[in-house]
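What follows is a short report on a single structure.
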Amino acid sequence: MRKTYTVISGIQNGSYIRFILEEDPTGQEIKAGGQLITDSEKNAFVYLMDDTDGYIYVQFPKMVWPLLAASLAADKEPVLAWGQTEISLDNFREELNMLIFNIEGNHNYGEEFANSVEDAFKEQLLAQ
């Protein structure tokens with residue numbers, strides 16, 4: 001069974017961006033999966049993490065999208081934190097950049113989701 005966790009907040013200190021999980025996935029061996037997908041029904045980006053039983057989904061809801069946008073300008077990958085654990089989100093910025101440009105004007109993701117992404121990442125989309 002797939003387990004889903006949600007990012008509830010984040011902090012930025014220069015180019016260091018740290019996302020905080022709502023729930024502690026204690027007892028699981030989790031590694032960065034390096035892949036970002038979307039859940040347009042929940043208006044979220046979803047980062048895939050690997051564990052011993054398969055994938056864990058980490059949802060990034062709209063409330064943390066400003067930090068997602070900031071991560072694109074950072075010089076290192078953001079980290080995901082819970083308890084005393086921090087994991088670098090490998091390949092996060094490249095995957096996010098690819099997704100936002102794929103979503104722009106593409107209503108196959110749903111009009112509401114596409115419009116939300118275009119609004120949240122307006123600066124990045126206009127810069128390229």
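Just the heavy atoms: all of them, side chains too, but no hydrogens, waters or symmetry mates, feed the values below.
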ask   = Do you know which two heavy atoms are closest between L68 and S71, and how far apart they sit?
value =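 Looking at all heavy atoms of both residues, the shortest contact is O-OG, 2.5 Å.
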
#### Entry: Heavy-atom pair of closest approach, residues A74 and S15
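Taking every non-hydrogen atom into account, CB-O, 3.5 Å.
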
Side chain [X], main chain [Y], donor-acceptor under 3.5 Å:
| X | Y | value |
| --- | --- | --- |
| Q124 | N97 | no |
| Y47 | A32 | no |
| E41 | N43 | no |

Is there a side-chain contact between [X] and [Y] (heavy atoms, below 4.5 Å)?
| X | Y | answer |
| --- | --- | --- |
| M49 | L89 | yes |
| D51 | K3 | no |
| I20 | W82 | no |
| F113 | N106 | no |
| T6 | E23 | no |
| Y57 | L48 | yes |
| V117 | T38 | no |

Rounded to the nearest 0.5 Å, how far apart are [atom1] of [X] and [atom2] of [Y]?
| X | Y | atom1 | atom2 | value |
| --- | --- | --- | --- | --- |
| Q12 | F19 | CD | CZ | 9.0 Å |
| D39 | I37 | CG | CD1 | 7.5 Å |
| L36 | M98 | CG | CE | 8.0 Å |
| T52 | I30 | OG1 | CD1 | 9.0 Å |

Requested in this report: Using the salt bridge (Lys or Arg N to Asp or Glu O under 4.0 Å) rule, collect all pairs that involve residues 92-118, keeping only residues at least two apart or in two chains.
Outcome: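 For residues 92-118, and leaving out neighbouring residues, the salt bridge (Lys or Arg N to Asp or Glu O under 4.0 Å) pairs sorted by first residue read E77-R93.
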
Taking distance alone, no hydrogens or angles, what donor-acceptor pairs closer than 3.5 Å link side-chain atoms of residues 58-66 to residues at least two apart or in another chain?
unit_1: K62; atom_1: NZ; unit_2: S116; atom_2: OG; d: 3.2
unit_1: W65; atom_1: NE1; unit_2: F60; atom_2: O; d: 3.0
unit_1: W65; atom_1: NE1; unit_2: P61; atom_2: O; d: 3.4

Apply side-chain contact (heavy atoms from CB on, under 4.5 Å) to I8 and L21, showing your working. CA-CA 6 Å; I8 56 167; L21 279 183; over 6 Å; no

According to side-chain hydrogen bond (donor to acceptor under 3.5 Å, both in side chains), who are the partners of D119, at least two apart in sequence or on a separate chain?
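D119: side-chain hydrogen bond (donor to acceptor under 3.5 Å, both in side chains) contacts with K122.
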
Which word best sums up how the rings of F45 and F121 line up, parallel for under 30°, tilted for 30 to 60°, or perpendicular for over 60°?
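It falls in the perpendicular class, over 60°.
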
Check the hydrophobic clustering (I, L, V, M, F, W, Y; side-chain heavy atoms under 4.5 Å; chains of links allowed) and say if V79 and L96 are grouped together.
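No; tracing contacts between hydrophobic side chains, which count when under 4.5 Å, never links both residues.
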
Task: Cluster check L80, L99: I/L/V/M/F/W/Y, side chain < 4.5 angstrom - done: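 Yes, L80 connects to L99 through the hydrophobic network.
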
Q) Going through the checks in order, is the side-chain contact (heavy atoms from CB on, under 4.5 Å) test met by N115 and H107? A) CA-CA 8 Å; N115 289 340; H107 290 240; 3.9 Å; yes

